[in-house]
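Numbered from 1 within each chain, the chains take letters A, B, ... in sequence-line order. All values reported here derive from a predicted model rather than from experimental measurement.
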Amino acid sequence: MQKVKKAYPFDEIEPKWQKCWIKNRFFKVDIKDFRNKYYCLVMFPYPSAKLHVGHGRNYIIGDVVARYKMMRGFNVLTPMGWDAFGLPAENAAIKDKTHPKKHTFNNIKTMKSQLKEWGVGYDWSREITSCQPDYYKWTQWIFLKLFEKKLAYRKKAFVNWCPSCDTTLANEQVIQGTCERCNTPVTQKDLEQWFFKITDYAERLLSDINKLRDWPERVKTMQKNWIGKSLGVNIRFPVVGSDKVLTCFTTRVDTIFGATYMVLAAEHPLLEELMKNVKNKNKILKFVEKVRNESKIKRSQADIEKKGIFTGRYVINPMNNKKIPLWVANYVLMEYGTGAVMAVPAHDQRDFEFAKKYRLPIDVVIVPVPEFETFQLYTETIFLAHALEGDGIMVNSGQFNGLPSRKAVKRIADFMQKNGIGHRTIQYKLRDWLISRQRYWGAPIPILYCNRCGTVPVPEKDLPVILPTGLKSNPRGENPLKDSKNFVNATCPKCKGNARREIDTMDTFVDSSWYFLRYISSQLNDKPFEKEDVDKWLPVDQYIGGVEHAILHLLYSRFITKVLFDSGFISFDEPFKNLFTQGMIIKNGAKMSKSKGNVVSPDELIKKYGTDTVRLYTLFMGPPEKDAEWSDRGVEGAYRFLGRVWRLVERITVSLLAPQSGAKQSQGGINDSLKRKTHQTIKKVTDDLEKGFHFNTAISAVMELVNEMYIAIEKKEIRRDILKEAIKIVIVLLSPFVPHIAEELWEKLGGKSSVLKQNWPEFEQQFLAEETHTIPVQINGRLRSKVNVPFGIDKEALKEKVLSDEKTRNYLKNLAVERWIIIPNKLVNIVSANK
RNA sequence: GCGAGAGUGGCGAAACUGGAAUACGCUUACGGCUUAGGACCGUAUGCCUUCGGGCGUGGGGGUUCGACUCCCCCCUCUCGCACCA
């Protein structure tokens, strides 16, 4: 084995300081002391496997923020816990023939020691674990609160089913028709399930996005799109020869006169009734059956061939009383709108394709403005290549002819409202949150089914409904709770008769939708949290985590927060003030994962270079919000820099002891410039941290200062006090990034208490200004020379100086100066032409 | 298709409200120190060059004394959503 000479004894100092921080409880916070509070929260991890450097980025960023804020005098709360329920633990346990609980706690142990190795500081006294009864008791309590407010309800519905995970999924967990976890195509099942009525909050979840000023734009956009608000009109179409009316939603009422047929979704509830006396009934129903059985993934592909069948029935277009045919087709979704669509082939591409295929009429009712004059003549027989989806002028639309289509949207909607044809409405894409899971490793839903009393919530005093930990999941993943008589058989709290316990457990996203509240009062037994404290400490000042939670976790947490706010349990209605989403760490062009075999384990790196090196490189490799490729060379560079800092301190300590002659009073030159650089660096690093998460540039600024110190130290005339100030600043500025080496060097320099206890340095304006400086001289925008002039020199003197510059004069020989552009203290540009 | 973000040396990347493009780091080369070094210290490192200079921030145009930065058009990549009526 090759022997690597250590640049500094990181292996001795790192454990030393980690122990010290714990011993001195640097990260323990007194919750009653909320003055200057700062809640710094990193998304709590799912205890699945050993952490790799990609995970590390998350925690390191959080640690830097926490340490920096502490040095700025904030009372920083930085807690950690475990999102410990869930399918992967159960599946892993099945595979390893162990229990998910054991599996989970083993992982927690490993991960906890890894976090400690990274030197990431947390207030471990607030640790929470979502699979423990003292936590899930309150998850169940939240369920009961929602149940009381009728925001938790059970209904039979077509739900997303993952055949591989053997459970239902929320809409948010279906990614392009496949299961979020295992990529298995999701099927539909008609099941009785528990939902949270998040749709009641759609409008607030949408409009309050405006309150989230410091959230990444893309996360806000993703949430907006997910909520998917559309303004439109529900129009009533009477069915010919029936007393039924079919309502359909449209955002484009202006196209109503172009509606030449109507389409129903295969799942439409009136379909079967309408088919009763139709000739081709059997053929039609067979088609409907086929469409219903097609998997969601297949049906949701935009390029799937549109298929439909005429139902034999007609409806009346209420605006022009035209009789139009009623179809069923595979491209209409039951989940959105009303499951019935008025088809306007001239102005909707999907309808257009469908109409072409089945030779249905295509009536143009809006003509694009540029073509209006000529186009009008052709509208009867026009042969379109595609639908005209844009705005234009109304034609063939009765009394609305000649109006701009935008205006017609309002006029027609008004007309419909007045005449009872339709009414304005709002549609959201957001659906209710399906929260029941047919799996074992989750928080039991606190509900009982009594033959006499029906669905009965477990009384609050009986919480928690304990999840029996002695059960084994059977290999198919079926919920073993159903065979646990002790669990299932219960007494009805109302009538004391026999009752059956709900065996479904809650989606783990319910667990994580409120954990940030529990940290405040993690030990509390009789309440989920202390309102007084929670109101003081929340919203979270800085939330840090992966962008993969942009919709799921962040939307659910916002929802639960709003529900708790409405019930008066808390006094704020948004949980996270600022959100930072870090980029992934890539290796060999792919996201790190065990299956790809490109995982960089921190253990070896820490053994070889120490934690501080791993931290420094992670922060220096690029802007933290961007994905970044891991480079082993880069790690070495970080290690080299820390060695350089270490040796710098050694040299300075030695030189401080040696007698110094003459330099004491030395002014100007290197002393001034090092002093200036020191204060410039304070400014730069502080700005980088205050303005955002610019760790990479903050670190490079400190590197520059260190480089300058190496130059300065070679010079005899460097003053010790200036050198000493500089090195202290280097250490303090570096301490949030590389806390171990910073502590050690701080101590070496005679620091009495921890660097963490130091105040963040302030730069002094007076040292920033230079007496003289070099400014560029451009001729016609091209850099030609530079002149050294006193700072703040007036324009005339500057011109004179520039004109006396030999290089500049050479260039100007054959030119006539036309204009001077002088930006004070920045640049000179001489505009000139040939003589 | 819709939405968001991005395109700068051999590589990761800097550049604040338009004002010296490539800071900092990696890589590479050379020199020093060394028994030796893949350690350390130092110098150089965008491209072309007839050594005057010329060209350079995805491409093309524009505004400006001056554009990585602002405006218009186009190309490429990443991410998210996607038959949402």
Side-chain angles (χ1 to χ4, degrees), chain A residues 2 4-7 175-176 216-226 228-230 232 248-252 255 259 263 299-304 306 329-333 335-344 347-351 353-354 389 427-429 547-548 550-551 583-584 616-617 620-623 625-638 640-641 643-644 647 684 687-688 691 694 696-704 706-707 710-711 714 774-786 818-823 825-832:
Chain A
Q2 55 170 259
V4 181
K5 200 187 154 197
K6 270 184 284 173
I175 309 295
Q176 304 203 317
E217 209 50 49
R218 68 170 164 157
V219 173
K220 291 197 269 188
T221 315
M222 279 163 78
Q223 292 215 353
K224 278 181 201 160
N225 290 345
W226 189 258
K229 180 181 181 177
S230 300
C248 71
F249 173 74
T250 181
T251 53
R252 291 291 304 271
T255 63
V263 197
R299 285 180 70 184
S300 68
Q301 274 163 359
D303 50 0
I304 190 176
K306 291 175 178 45
N330 63 346
Y331 74 96
V332 174
L333 307 170
E335 303 90 84
Y336 185 78
T338 61
V341 170
M342 66 172 211
V344 186
H347 303 290
D348 181 286
Q349 189 57 27
R350 293 157 299 175
D351 299 340
E353 285 164 23
F354 192 82
E389 293 185 319
Q427 278 291 333
Y428 299 93
K429 287 188 212 168
V547 75
E548 66 274 18
I551 295 171
M584 277 186 313
L616 188 73
Y617 175 64
F620 183 64
M621 65 195 299
E625 68 279 8
K626 275 181 66 180
D627 291 354
E629 170 85 27
W630 186 268
S631 143
D632 293 335
R633 297 282 199 177
V635 180
E636 284 170 32
R640 211 168 319 178
F641 170 70
R644 223 165 125 77
R647 288 188 300 276
K684 171 72 177 152
D687 284 353
D688 278 347
K691 277 186 202 152
H694 304 160
N696 52 333
T697 48
I699 291 165
S700 71
V702 181
M703 286 172 167
E704 283 184 54
V706 168
N707 290 346
Y710 263 87
I711 294 166
E714 291 300 320
T774 309
I775 65 169
V777 177
Q778 294 182 339
I779 293 170
N780 293 331
R782 287 166 188 254
L783 178 70
R784 293 306 186 190
S785 184
K786 293 164 191 176
E818 287 178 351
R819 184 140 76 100
W820 287 79
I821 309 280
I822 296 173
I823 312 298
N825 297 323
K826 272 247 164 98
L827 151 151
V828 173
N829 187 13
I830 305 168
V831 186
S832 50

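- In this structure a side-chain-to-backbone donor-acceptor pair under 3.5 Å is present from A:Arg252 to A:Glu389.
- Out of B:A14, B:C40, B:C24, the shortest distance to the side chain of A:Met703 is found at B:C24.
- If you check B:G25, B:A13, B:C83 against the side chain of A:Asn707, the one that comes closest is B:G25.
- Stems are defined here as 3 or more consecutive Watson-Crick or G-U wobble pairs with pairing distances under 3.5 Å; those involving RNA chain B are B:1-7 with B:75-81, B:10-12 with B:24-26, B:28-32 with B:40-44, B:46-48 with B:53-55, B:58-62 with B:70-74.
- Here, B:G18 and B:U63 have their C1' atoms 12 Å apart, quoted to the whole Å.
- Dashed line: the shortest gap from a side-chain N or O of A:Arg819 to OP1 or OP2 of B:C65 is under 4.0 Å.
- Dashed line: the shortest gap from a side-chain N or O of A:Arg644 to OP1 or OP2 of B:G42 is under 4.0 Å.
- Side-chain N/O atoms of A:Asn225 and base N/O atoms of B:C81 include no donor-acceptor pair closer than 3.5 Å.
- Atom P of B:G32 sits at a distance of 28 Å from the matching atom of B:C48, rounded to the whole Å.
- Remark: A:Arg782 is not in phosphate contact with B:A21, judged by side-chain N or O atoms under 4.0 Å from OP1 or OP2.
- Once rounded to the nearest 0.5 Å, the distance linking CZ of A:Phe249 with CD of A:Gln427 reads 5.0 Å.
- In this structure, A:Lys224 places its NZ atom 17 Å from P of B:C81, rounding to the nearest Å.
- In this structure, B:G25 is classed as anti because its glycosidic torsion departs from zero by more than 90°.
- A cation-pi arrangement is absent between A:Lys306 and A:Phe354, since the terminal nitrogen or guanidinium carbon is not both under 6.0 Å from the aromatic centre and inside a 45° cone about the axis.
- B:U45 and B:G7 have their C1' atoms separated by 24 Å, with the value rounded to a whole Å.
- Residue contacts for A:Pro216: at a heavy-atom cut-off of 4.0 Å it reaches no nucleic acid atom on any strand shown.
- Separating the CG atom of A:Leu616 from the P atom of B:G25 is a distance of 12 Å, rounded to the nearest angstrom.
- Between B:A20 and A:Asn829, no contact under 4.0 Å exists linking OP1 or OP2 to a side-chain N or O.
- Listed nucleotides B:A85, B:G42, B:G19 differ in distance to A:Leu827; the shortest reach to its side chain belongs to B:G19.
- Residue A:Asp351 is out of contact with every strand shown, counting any heavy-atom pair closer than 4.0 Å.
- Nucleotides B:C68 and B:G61, compared at atom P, are 15 Å apart to the nearest Å.
- Rounded to whole Å, the separation between the C1' atoms of B:G5 and B:G10 comes to 26 Å.
- Remark: the separation of the C1' atoms in B:G66 and B:C2 is 38 Å, to the nearest Å.
- Contact annotation: side chain of A:Lys691 to base of B:C16, donor-acceptor pair absent below 3.5 Å.
- Between the side chain of A:Arg252 and the base of B:A85, no donor-acceptor pair under 3.5 Å is found.
- Listed candidates were B:A4, B:C84, B:C24. Nearest to the side chain of A:Phe620 is B:C24.
- When side chains are defined from C-beta on, A:Val547 does not count as touching A:Glu625, because their heavy atoms never get closer than 4.5 Å.
- Rounded to the nearest Å, the gap between the P atom of B:C74 and that of B:C51 is 45 Å.
- Nucleotide B:A6 holds its P atom 8 Å from the NZ atom of A:Lys626, rounded to whole Å.
- With B:G80, B:C84, B:A23 as the choices, the nucleotide that has an atom nearest any side-chain atom of A:Ser700 turns out to be B:A23.
- Whole-Å rounding puts the A:Met584 CE to B:C79 P distance at 8 Å.
- In this structure, A:Val831 and A:Asn780 have side chains that are in contact, with non-hydrogen atoms separated by less than 4.5 Å.
- Each of A:Ala701 and A:Gly337 was matched to the nucleotide of RNA chain B holding its nearest heavy atom; the match closer to the 5' end belongs to A:Ala701.
- For A:Tyr710, the listed nucleotide lying nearest its side chain is B:C41; candidates were B:C41, B:G54, B:C26.
- Between the CD atom of A:Gln778 and the P atom of B:A21 there is a distance of 7 Å, given to the nearest Å.
- A sub-4.0 Å separation between OP1 or OP2 of B:C84 and a side-chain N or O of A:Tyr428 is absent.
- When each of B:C24, B:U27, B:G19 is scored by its nearest atom to the side-chain atoms of A:Glu704, the top-ranked nucleotide is B:C24.
- The side chain of A:Arg633 places no N or O atom within less than 4.0 Å of a non-bridging phosphate oxygen (OP1 or OP2) of B:G38.
- Note: CD1 (A:Ile821) to P (B:G66) measures 9 Å, nearest angstrom.
- A syn orientation is assigned to B:G52, its glycosidic angle lying within 90° of 0.
- Look at A:Arg647 and you'll find a side-chain N or O under 4.0 angstrom from OP1 or OP2 of B:C41.
- Closest approach to the A:Glu217 side chain among B:A4, B:C83, B:C65 is made by B:A4 (side chain taken as heavy atoms from C-beta onward).
- RNA chain B is contacted by both A:Glu629 and A:Glu353; A:Glu629 maps to the nucleotide lying nearer its 5′ end (nearest heavy atom per residue).
- In this structure, A:Asn707 and A:Arg644 have side chains that are in contact, with non-hydrogen atoms separated by less than 4.5 Å.
- In this structure, A:Glu217 and A:Lys220 have side chains that are in contact, with non-hydrogen atoms separated by less than 4.5 Å.
- A:Val263 is listed as a side-chain neighbour of A:Tyr331, based on a closest heavy-atom distance under 4.5 Å.
- Listed for the A:Asp627 side chain is no donor-acceptor partner under 3.5 Å among the backbone atoms of A:Gly583.
- Atom CE in A:Met342 sits about 12 Å away from atom P in B:A85, given to the nearest Å.
- Annotation: ring-ring contact (aromatic ring centres under 6.0 Å, His included) contacts of A:Tyr617 (sequence neighbours excluded): A:Trp630.
- A close approach under 4.0 Å does not occur between any side-chain nitrogen or oxygen of A:Thr221 and OP1 or OP2 of B:G80.
- For the pair A:Asn780 CG and B:G66 P, the interatomic distance rounds to 8 Å; values are reported in whole Å.
- The side chain of A:Tyr331 sits closest to B:C83 out of B:G80, B:C83, B:C65.
- B:U57 and B:A23: their C1' atoms are spaced 15 Å apart (whole Å).
- The side chain of A:Thr697 approaches B:A15 more closely than any other nucleotide in the set B:A15, B:C65, B:A85.
- The environment of CZ in A:Arg784 is crowded: more than 12 heavy-atom neighbours from other residues, nucleotides or ligands sit within 6.0 Å.
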